[in-house]
Amino acid sequence: KVGEVNPRQSWRALQALEQRYRGMDMEIQTATQETVVDALKKRALDLCSAYGGLELESGGIVQSLWTETISAVAAPGHPLLQGGPRPLEELKAYRQMVITSPDNDVSKDRSMLSLRQWKTDSLPMTLELVDRGLGWANLPLSCLRPSLESGRLQRIQFSTGSNGLDLPIYLLQSKGQ
């Protein structure tokens, strides 16, 4: 059983695995990072891909897969995109869309920049909410390309630094496997 946080980037790895082990059966699940890492710890999954961070120290990192850039985005009419670059601190005043497990304590989450949040457990729902101008979100650029290229979403420009956080994606294996 394999848990995925960002399946768009995992296709190549899954294709390589299929080529090498053609007879292997696989069950692939997509979920929030908290859910897949928790399932791995409980041995409900054998492997998972997850963004690097402190919570992964207890899991067995098998391999670094790639680096993903997380970027703050909003719909063209959103106030954060009006009037030029903004200080990063201004994000606090606007609603942030966050992909997280419903049971996750977001007060400990370092990606929570806003004082107001709407939580979802799916990337498509988060993209739709941001696309409709209901808030902004920090999302993987690999998932944003079609929305950015079509102009439906734009990266927020900051006066106090760049808009992008590079995070490693790891393949994790449950301990003792």
Side-chain angles (χ1 to χ4, degrees), residues 1-18 26 28-41 45-75 78 80-81 88 91 96-102 104-106 108-114 117-131 135-158 160-174:
K1 293 182 180 181
V2 180
E4 291 294 329
V5 174
N6 182 355
R8 286 186 183 208
Q9 286 286 17
S10 301
W11 295 127
R12 283 178 288 165
L14 291 172
Q15 287 171 328
L17 193 62
E18 188 275 334
M26 228 189 270
I28 301 169
Q29 300 173 6
T30 59
T32 64
Q33 169 120 347
E34 300 87 12
T35 302
V36 295
V37 171
D38 188 52
L40 186 73
K41 289 177 183 174
L45 294 175
D46 301 313
L47 296 168
C48 76
S49 67
Y51 292 98
L54 298 175
E55 74 280 1
L56 300 183
E57 290 177 3
S58 61
I61 296 176
V62 175
Q63 183 174 349
S64 175
L65 298 175
W66 64 83
T67 299
E68 177 70 76
T69 301
I70 307 297
S71 184
V73 295
H78 194 279
L80 284 169
L81 295 172
L88 182 64
L91 292 176
Q96 182 179 1
M97 304 300 167
V98 181
I99 303 170
T100 186
S101 170
N104 187 34
D105 180 5
V106 294
K108 298 176 185 175
D109 191 335
R110 292 181 295 158
S111 68
M112 299 295 294
L113 300 175
S114 178
Q117 305 93 27
W118 283 7
K119 297 191 305 185
T120 77
D121 63 356
S122 94
L123 177 64
M125 173 61 80
T126 302
L127 281 169
E128 187 68 26
L129 292 169
V130 174
D131 186 43
W136 67 273
N138 274 323
L139 297 170
L141 279 179
S142 64
C143 298
L144 291 170
R145 289 213 197 311
S147 297
L148 293 171
E149 288 172 1
S150 70
R152 288 191 341 259
L153 295 179
Q154 295 176 359
R155 293 177 76 180
I156 300 167
Q157 301 299 311
F158 298 121
T160 53
S162 65
N163 179 355
L165 175 63
D166 292 336
L167 291 175
I169 305 293
Y170 293 112
L171 178 64
L172 306 174
Q173 182 176 9
S174 58

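- Side-chain contact between Ile99 and Leu123 is present, with heavy atoms from C-beta onward closer than 4.5 Å.
- Residues forming a side chain to side chain contact (heavy atoms under 4.5 Å, CB included) with Ala72 (at least two apart in sequence, or on another chain): Trp136, Asn138, Ile156, Phe158, Asn163.
- Taking Leu141 as the reference, Glu68, Thr69, Ser71, Leu144, Arg145, Leu148, Arg155 meet the side chain to side chain contact (heavy atoms under 4.5 Å, CB included) condition, with sequence neighbours excluded.
- For the atom pair Lys119 NZ and Met125 CE, the distance stands at 15.0 Å (nearest 0.5 Å).
- Side-chain contact between Thr120 and Leu129 is present, with heavy atoms from C-beta onward closer than 4.5 Å.
- A donor-acceptor pair under 3.5 Å is formed between the side chain of Gln96 and the backbone N or O of Ser114.
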Leu139 vs Leu127, side chain to side chain contact (heavy atoms under 4.5 Å, CB included): CA-CA, chis, key distance, verdict | CA-CA 9 Å; Leu139 297 170; Leu127 281 169; 3.8 Å; yes
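- From Gln157, atom CD reaches atom CG of Leu80 across 11.5 Å, with rounding to the nearest 0.5 Å.
- Using a 4.5 Å heavy-atom threshold, the side chains of Val130 and Leu153 count as touching.
- Across Leu81 and Ala75, no two heavy atoms sit closer than the pair CD1-O, 3.0 Å.
- You'll find the side chain of Ile70 reaches within 4.5 Å of the side chain of Leu167, heavy atoms only.
- Applying the side chain to side chain donor-acceptor pair (under 3.5 Å) rule to Gln154 yields no partners; only residues at least two apart in sequence or on another chain are considered.
- Thr160 places a side-chain N or O within 3.5 Å of a backbone atom of Leu88 that can act as its donor or acceptor partner.
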